[in-house]
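The chain is numbered in sequence order, starting from 1.
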Amino acid sequence: RMPKEPSESSSEASKKMDGKGSEDSEGQTEASEEMLRKRIRTNTPSPHRTPQSSPPKAVSMEELMETAKGVTNMALAHEIVVNGGFQVKAPEPAEGSLEKRVKEIMHKAFWDSLEAQLNDDPPVYDHAIKLVGEIKETLLLFLMPGQARLIGQIEEALDLSLIQQQAENGALDIGKVAQFIINTMGAFCAPCRDEDVRKLRDITAIVPLFKAIFAVLDKMKIDMANFAVSSLRPHLLQQSVEYERTKFQEFLDKQPNALDFTQKWLQDTADSMLGESEGGAAGASRSSPQLLLSVHNQAYLRLLNWDHGMDSFPETVLMDRGRFLEMQLELEQLALVASVLLIVYNSAGEAISGLPGLMDQLKSTIKILLAEMHTPSFRVDETFAAIGEKLCLELGECLSQHGFSPFHTDRQSALKGQIAAVKSQDNPIRKLIDSRIQAYLIGFLEFSPHRSPPPLPGGLAPISKELEEAGVRLSRLVNFNKLVYSPFYHKILQDILDHWLSSVT
């Protein structure tokens, strides 16, 4: 089995990603690219309250297209670096779409034509030889230029001019050619494709065999692209900070107002933290670096409570908007789970405290019922009523199993009412849990990556594992973002602090 060298693999990956691309990468970068392109097209200053930005300047269509291309490349490189699970996937038209129907019709017409040619007397091999040529090009892509012996073997066995002569003289054994192709694929493929290649040997009809060969080759190309991505990631990580910063600076040079939303995001955070109070100005001046860090970390936490329908996302974190939104939705569900469990355990008291497995059982029930909470079909009143009913039923069964008296009807009604009240964002217990989650997460941003996680506040034990995972993801995302955009952030934050100090002294 031949090794998959990174350099050639990288080339293959680039072809796949620069061509039709990856569905995963499209899903993660589509919003960031579109919003940045929109900023390029409109070229208008932000209407929000920000310090006066540089006036917009005219740019050519060539500059716009070049900038858009740079944004796309930057978004893809960023995705590879920060998303450890990033994979290239073969593009596939949506089921039932016009594109899929047209593709199926064209493919069927081609394979029918090939079969008709091969069934002629004598057989016509024009289409088949073209397919062999395509297969040959694909096999050569899997090799390094220095692998001369293997390249020579493929060139000799799949010599199209010789195959053409054999066909014209009625001496072509297309089955023998196919077997060489299969053997070569077996030598080049990843272990996960061994079974696919083995099945090719069981196909005897030429047309189905060629169809299957191309299907397996497509999978092998994706395998090579993903190997290239994994090989490229450590090298990208070393250079991506400077690369993204440079690309953003190029974008900023063409679009001077490209930091308006970032400035408003930091300014609003500072306003909420500093307020209009004059007290503490001298202390703030002496500890300004720590104050700037606190404002900056708090700004990142605000992204986990962002109103995506009303507020424009900061430009410097736009490529991670999907990740922040995903964490935001996850944390909203976790806050509800912890709030309901806190109510249940406070209501039931010592009777259920420490019972093995009960916490996990109740938690699982709540999470299942809240699984669709961020979908349009979610019915909040019905769901929280169902949670109350289900938990009371499970609690009653558990209490009976352990020799305790079941809940009285009045206690059940009170518990159901308390659970239903959690659906309101102004519910005191929900607000308490939310604030403790925020305090826990800010600890991840303030602590060194090499230190232990911050202490877990009370009431969050049932969701401790999920919170720690979210904290680790958040800290990695924030630390990388700070590295990339630190020069821009430092200037904005220092200007904000200087302005505030001058206004209170």
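Side chain to side chain, Q425 and N427 fail the donor-acceptor criterion of an N or O pair below 3.5 Å. Defined by atom type and a distance below 3.5 Å, a donor-acceptor pair is missing between the side-chain atoms of S347 and Q418.
A donor-acceptor pair is defined here as one N or O able to donate and one able to accept, closer than 3.5 Å; no such pair exists between the side chain of S424 and the backbone of A421. Judged by distance alone, with hydrogens and angles left aside, the side-chain atoms of R245 form a donor-acceptor pair with the main-chain N or O of L483 at under 3.5 Å. Within the 3.5 Å criterion, the main-chain N or O of L460 finds no donor-acceptor partner in the side chain of S464. Under the 3.5 Å distance criterion, the side-chain polar atoms of T269 are left unmatched by any main-chain donor or acceptor of V295. S364 places no side-chain N or O within donor-acceptor distance of the main-chain N or O of Q361, the cut-off being under 3.5 Å. Put simply, the side chain of Q333 never gets that close to the backbone of M373: no donor and acceptor are under 3.5 Å apart. The main-chain N or O of W265 is found under 3.5 Å from a side-chain atom of R302 such that the two form a donor-acceptor pair.
Taking the six-membered ring where the residue is Trp, Y440 and F444 present perpendicular rings, their angle passing 60° and hence far from 30°. Using cut-offs of 30° and 60° on the angle between ring planes, the pair F313 and W306 is perpendicular.
The pair D495-K491 counts as a salt bridge, with a side-chain nitrogen and a carboxylate oxygen less than 4.0 angstrom apart. Residues E326 and R323 are not paired through a salt bridge, judged by the lack of any N-O separation under 4.0 Å between the basic side chain and the carboxylate. Here K264 pairs with D268 in a salt bridge; the nearest charged N to carboxylate O distance falls below 4.0 Å. Salt bridge annotation for D434-K431: absent, with no cationic side-chain nitrogen under 4.0 angstrom from a carboxylate oxygen.
Between I433 and A338, the shortest heavy-atom distance links the atoms CG2-CB, 3.9 Å. The two residues L467 and L456 have their closest heavy-atom pair at CD1-CD1, 4.4 Å. Looking at every heavy atom in both residues, L341 comes nearest to P462 through CD1-CB, 3.5 Å. Closest approach of L441 to G471, counting heavy atoms only: CD2-CA, 3.8 Å. Minimum heavy-atom separation, L304 to Q328: O-CG, 3.0 Å. Annotation for E372 and F378: closest pair O-CB, 3.1 Å, computed over non-hydrogen atoms.
With a 4.5 Å cut-off on side-chain heavy atoms, F188 and D223 do not count as touching. The shortest side-chain heavy-atom distance between F480 and E244 falls under the 4.5 Å cut-off. Residues V317 and R321 have side chains not in contact (no heavy-atom distance under 4.5 Å, counting atoms from C-beta outward). Between I366 and K390, the closest side-chain pair of non-hydrogen atoms is not below 4.5 Å. Between K221 and D218 the shortest side-chain heavy-atom distance falls below 4.5 Å. A 4.5 Å side-chain heavy-atom check between V484 and T316 finds every atom pair outside the cut-off. With contacts defined as side-chain heavy-atom distances shorter than 4.5 Å, the pair P314/L303 qualifies. Counting heavy atoms from C-beta outward, N346 and I429 have side chains that stay 4.5 Å or more apart.
Pairs passing the salt bridge (Lys or Arg N to Asp or Glu O under 4.0 Å) check and including a residue from residues 407-421, sequence neighbours excluded, read E389-K416.
By the ring-ring contact (aromatic ring centres under 6.0 Å, His included) test, Y345 is found to be paired with no residue, residues two or more places apart in sequence or in another chain being considered.
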Mind running side-chain contact (heavy atoms from CB on, under 4.5 Å) on L336 and F384 for me, showing each step along the way? CA-CA 10 Å; L336 289 175; F384 277 90; 4.1 Å; yes
Salt bridge (Lys or Arg N to Asp or Glu O under 4.0 Å) between D360 and K363, worked out: CA-CA 5 Å; D360 290 338; K363 175 183 173 182; 5.5 Å; no
Before you tell me yes or no, could you show the steps for L362 and L395 under side-chain contact (heavy atoms from CB on, under 4.5 Å), namely the whole-Å CA-CA distance, both residues' side-chain angles and the distance that decides it to 0.1 Å? CA-CA 9 Å; L362 299 179; L395 281 172; 4.2 Å; yes
Show your working on side-chain contact (heavy atoms from CB on, under 4.5 Å) between E466 and K367 and close with a plain yes or no. CA-CA 12 Å; E466 295 90 338; K367 291 187 72 172; 3.6 Å; yes
Could you walk me through whether F251 and E315 pass the side-chain contact (heavy atoms from CB on, under 4.5 Å) test, one step at a time? CA-CA 11 Å; F251 174 68; E315 300 90 342; 5.7 Å; no
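Rounded to the nearest 0.5 angstrom, L477 CG and D320 CG are separated by 4.0 Å. Note that the NE2 atom of H374 and the CG atom of L325 stand 8.5 Å from one another [nearest 0.5 Å]. For the atom pair CD (Q438) and CG (N305), the distance works out to 5.0 Å, reported to the nearest 0.5 Å. Of the inter-residue distances, the one linking L342 atom CG with R430 atom CZ reads 14.0 Å to the nearest 0.5 angstrom. Taken to the nearest 0.5 Å, the NZ atom of K247 stands 14.5 Å off from the CG atom of L252. Interatomic distance, Y489 OH to N481 CG, rounded to the nearest 0.5 Å: 3.5 Å.
Shown here is H490, whose NE2 atom has no more than 12 heavy atoms of other residues, nucleotides or ligands within 6.0 Å.
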